[in-house]
Amino acid sequence: MIEIRELGRYVGEAVDLGGWVETKRGHGKVAFVVLRDGTGSVQCVLVKKQVDPATWDAFESLTQESVVLVTGEVRADERAPGGFEIGVSSLKVAGLAAEYPIQPKEHGVDFLLDHRHLWLRSSLQRAGLMVRAEVEQAVHDFFYGRGFVRIDTPILTGAIGEHAGTLFETDYFGERAFLAQTGQLYVEAACPAFRKVYCFGPTFRAEKSKTRRHLTEFWMVEPEVAFADSDDNMRLQEDFVSYLVERALENCREELALLERDTSRLEHVRPPFPRISYTDAIGRLKAVGSEIEWGSDLGAADEQILTESYDLPLFVYNYPKQAKAFYMKENPDDPRTVLCDDLLAPEGYGEIIGGSQREDDLDRLRERIREEELPEAAYSWYLDLRRYGTFPHSGFGLGVERTVAWITGRRHIRELIPFPRLMNRLFP
RNA sequence: UCCGGGGUAGCUCAGUCGGUUAGAGCAUCUGACUGUUAAUCAGAGGGUCGUGGGUUCGAGUCCCACCCCCGGAGCCA
């Protein structure tokens, strides 16, 4: 049996194919079956006079998504989508499908998510997930190429991270445990061992967010680099994001075309990305009439205004201390702020990266933990990293689904993960 | 949690001012057709109008409560 993607090598030859019926069309004495085998689709043509009665009967019994085994000749034909079709000599039903719920027509979101296990087969979903797979592979290739060591961080953790209210709690042999909402503290621990490291895995946030930018389970890439300051960090981010876009453009041309993505908006994505400090951003927002005050975090509308004037991702750096996490390093030039950055994707896709230089001073870090009223005992091992050979270091987290949503131009990130976990959705 | 929109056939939706037996397209089934591209044509079957209560001679339609879904805000990647 061969795969549909390699049909071009077999023109004029008889081949065996196996796959799922996308649609069939009968015309009395000639009939068409569009077959999908996971590597592509091809139209199979049956002429009643030229096939045996068993094959014709098999065709007539076919339902959408039934599995068939087809033998036939590969022909180049301009009338066929893709340029090739199969002149069928024999067709067998291997698995007759019950009436298939998803039709080639518009469906509602709720219905499609209820049938996510079947929706995966649809062409736009396949295209989006193919781009995701390419981007994920590119993540590993990028870091491998730069000498980073992959560190797999735990998913079951004690009380660490940022805010206990957004953690999923579970029972761990009678003890309280939480699903990780970041691997950062662990990759920081791995820095003295490997210098440049990254983790890549699922992240869990129990936020009650119902927007197209949020999932309760999403995948995040978190590099951490010893001796890197905040500027180094931003340079790594723009190199990294540019590489991910480049790889998608290089290897997912067909998928992006199917998704009707305007790739001209991606082709110029390369370093350097524009940068604006938080303080300058506030000034600019006030100049256009926003009522935002220095000290509060940027809202979605503010981000929209800032990114509108750029066709590249935009860095907003050095936010006020009170708007950011305890582990970020104080800015020596303006102690009201911390050395950090958010990377905002263009076209309204929002924040795809949050990064910072980490506080490496033991006393200041301990002070910040107390200010935030975090359980100090749970962080004692993290403070050890400052006791036993502290060092300047920086890192960031990139959200895979948001990044892929931007690259593919899909509106909602739930389509860019095979089985999305949302506030009200744990199945399928 | 707050704000807005919604729930009618398997699916996507229409349903006027409260008024006879609740409609269409697609899907399914039957039939016709030798080149279709979400094929077309003819016919058939298919309904607890989200749930509960109320107003009324009469409720899919009006009122109240609740449930569920979608989008947005906040929070974040």
Side-chain angles (χ1 to χ4, degrees), chain A residues 22-34 41-51 60 63-64 75 77-82 85 87 98-115 118-119 122-123 161-163 165-167 181-184 200-222 237 241 296-304 319 323-325 341-345 348-355 396-406 411-414 416-417 422-425:
Chain A
E22 283 191 341
T23 61
K24 68 165 189 174
R25 294 179 283 274
H27 297 271
K29 298 194 174 68
V30 65
F32 305 89
V33 177
V34 177
S41 295
V42 68
Q43 173 168 282
C44 306
V45 185
L46 290 85
V47 178
K48 194 171 185 178
K49 283 190 289 192
Q50 295 170 11
V51 297
E60 294 203 308
T63 53
Q64 189 184 351
R75 300 193 293 240
D77 192 313
E78 282 181 10
R79 291 171 296 185
E85 64 178 25
E99 187 181 335
Y100 193 63
I102 300 179
Q103 300 165 25
K105 58 170 273 190
E106 298 252 339
H107 289 282
V109 170
D110 199 39
F111 175 83
L112 289 170
L113 285 175
D114 281 342
H115 296 85
L118 304 176
W119 189 24
S122 304
S123 61
E162 290 154 35
H163 297 286
T166 63
L167 294 165
Q181 61 171 198
T182 174
Q184 181 202 316
F200 187 6
T203 302
F204 306 88
R205 303 270 168 100
E207 293 158 4
K208 293 188 174 174
S209 303
K210 286 160 70 166
T211 82
R212 59 195 159 95
R213 300 187 305 281
H214 288 87
L215 299 167
T216 54
E217 176 181 306
F218 65 95
W219 285 63
M220 187 156 68
V221 189
E222 296 177 277
Q237 289 166 48
V241 169
S296 53
D297 205 354
L298 302 180
D302 303 312
E303 291 185 358
Q304 183 68 36
Y319 281 70
K324 289 292 175 183
D341 68 88
D342 284 354
L343 184 64
L344 308 178
Y349 282 92
E351 185 179 344
I352 56 171
I353 283 180
F396 63 89
L398 172 136
V400 168
E401 292 78 14
R402 286 187 185 179
T403 302
V404 178
W406 165 51
R411 198 176 143 69
H412 202 304
I413 67 170
R414 66 187 160 211
L416 288 319
I417 185 167
L422 302 158
M423 205 180 121
N424 301 314
R425 190 168 286 280

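Owing to the predicted nature of the structure, the values given are computational and were not obtained by experimental measurement. Every chain is numbered from 1 and lettered A, B, ... according to where its sequence line falls, protein lines coming before strand lines.
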Are OP1 or OP2 of [N] and a side-chain N or O of [X] less than 4.0 angstrom apart?
{"X": "A:R25", "N": "B:A39", "result": "yes"}
{"X": "A:H115", "N": "B:C11", "result": "no"}
{"X": "A:N424", "N": "B:C69", "result": "yes"}

Please confirm whether the backbone N or O of [Y] pairs with a side-chain atom of [X], one donor and one acceptor, at under 3.5 Å?
{"X": "A:S209", "Y": "A:T211", "result": "no"}
{"X": "A:E222", "Y": "A:G183", "result": "yes"}
{"X": "A:Y319", "Y": "A:L298", "result": "no"}

Measuring only the [atom1] atom in each nucleotide, how far is [N] from [M]? A whole number of Å is fine.
{"N": "B:G18", "M": "B:U55", "atom1": "C1'", "value": "11 Å"}
{"N": "B:G47", "M": "B:A22", "atom1": "P", "value": "12 Å"}
{"N": "B:U12", "M": "B:C17", "atom1": "P", "value": "26 Å"}
{"N": "B:U40", "M": "B:G25", "atom1": "P", "value": "12 Å"}
{"N": "B:U8", "M": "B:G60", "atom1": "P", "value": "15 Å"}
{"N": "B:G45", "M": "B:U51", "atom1": "P", "value": "26 Å"}
{"N": "B:U20", "M": "B:G58", "atom1": "P", "value": "15 Å"}
{"N": "B:G35", "M": "B:U16", "atom1": "C1'", "value": "46 Å"}

Of the listed nucleotides [options], the one nearest the side chain of [X]:
{"X": "A:S209", "options": "B:U36, B:G71, B:C75", "answer": "B:C75"}
{"X": "A:Q43", "options": "B:U36, B:A38, B:C70", "answer": "B:U36"}
{"X": "A:K29", "options": "B:U34, B:G71, B:C75", "answer": "B:U34"}
{"X": "A:R411", "options": "B:C26, B:C33, B:G72", "answer": "B:G72"}
{"X": "A:R213", "options": "B:G10, B:C75, B:G35", "answer": "B:C75"}
{"X": "A:R205", "options": "B:A39, B:C76, B:C75", "answer": "B:C76"}

Using Watson-Crick or G-U wobble geometry with both distances under 3.5 Å, which nucleotide pairs with [N]?
{"N": "B:G23", "answer": "B:C13"}
{"N": "B:A73", "answer": "B:U1"}
{"N": "B:G43", "answer": "B:C29"}

Which of residues 296-304 of chain A sit near RNA chain B, with a heavy atom under 4.0 Å from it?
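Close to the strand are A:D297, A:G299, A:A300.
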Minimal non-hydrogen separation, A:T216 against A:M423, with atom names
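What the structure gives for the nearest pair is CG2-N, 3.9 Å.
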What heavy-atom pair brings A:R402 and A:H214 nearest, and what distance separates the two atoms?
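In terms of heavy atoms, the two residues are closest at NH2-NE2, 3.6 Å.
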Output the rounded distance in Å from [atom1] ([X]) to [atom2] ([N]).
{"X": "A:K105", "N": "B:A9", "atom1": "NZ", "atom2": "C1'", "value": "11 Å"}
{"X": "A:I102", "N": "B:G10", "atom1": "CD1", "atom2": "C1'", "value": "13 Å"}
{"X": "A:L113", "N": "B:G71", "atom1": "CG", "atom2": "C1'", "value": "14 Å"}
{"X": "A:K49", "N": "B:U34", "atom1": "NZ", "atom2": "C1'", "value": "8 Å"}
{"X": "A:E351", "N": "B:A73", "atom1": "CD", "atom2": "P", "value": "13 Å"}
{"X": "A:K208", "N": "B:G72", "atom1": "NZ", "atom2": "P", "value": "19 Å"}
{"X": "A:L112", "N": "B:C11", "atom1": "CG", "atom2": "C1'", "value": "10 Å"}
{"X": "A:I413", "N": "B:A77", "atom1": "CD1", "atom2": "P", "value": "12 Å"}

Assign [X] to base, sugar-phosphate, or nothing according to its heavy-atom contacts below 4.0 angstrom with the strands shown.
{"X": "A:E85", "answer": "base"}
{"X": "A:R414", "answer": "sugar-phosphate"}
{"X": "A:G108", "answer": "sugar-phosphate"}

For A:T216 and for A:F111, find the nucleotide of RNA chain B with the closest heavy atom, then tell me which residue's nucleotide is more 5'.
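The residue whose closest nucleotide sits nearer the 5' end is A:F111.
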Pairwise 5' ranking along RNA chain B for A:F32 and A:T211, keeping only the more 5' one:
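Of the two residues, A:F32 wins.
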Take atom CD of A:E106 as the centre, draw a 6.0 Å sphere, and report whether it contains more than 12 heavy atoms from other residues, nucleotides or ligands.
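Counting other residues, nucleotides and ligands, CD of A:E106 stays at 12 neighbours or fewer.
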Quickly, which of A:D342, A:V404, A:T403 forms a side-chain contact (heavy atoms from CB on, under 4.5 Å) with A:I352? Name it, please.
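Only one of A:D342, A:V404, A:T403 forms a side-chain contact (heavy atoms from CB on, under 4.5 Å) with A:I352, namely A:T403.
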N/O donor-acceptor pair, side chain [X] with base [N], under 3.5 angstrom:
{"X": "A:H27", "N": "B:A39", "answer": "yes"}
{"X": "A:K48", "N": "B:U34", "answer": "no"}
{"X": "A:Q103", "N": "B:U12", "answer": "no"}
{"X": "A:H107", "N": "B:C11", "answer": "no"}
{"X": "A:R212", "N": "B:C70", "answer": "no"}

Check whether any side-chain heavy atom of [X] lies under 4.5 Å from a side-chain heavy atom of [Y], and answer yes or no.
{"X": "A:F396", "Y": "A:D341", "answer": "no"}
{"X": "A:N424", "Y": "A:K210", "answer": "yes"}
{"X": "A:F111", "Y": "A:I102", "answer": "yes"}

Distance check, rounded to the nearest 0.5 Å: A:T203 atom OG1 versus A:M220 atom CE?
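The CE atom of A:M220 is 4.0 Å from OG1 of A:T203, to the nearest 0.5 Å.
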Ring centroids of A:F218 and B:A77 base under 5.5 Å with planes under 30°
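Per 5.5 Å and 30° rule: yes, stacked.
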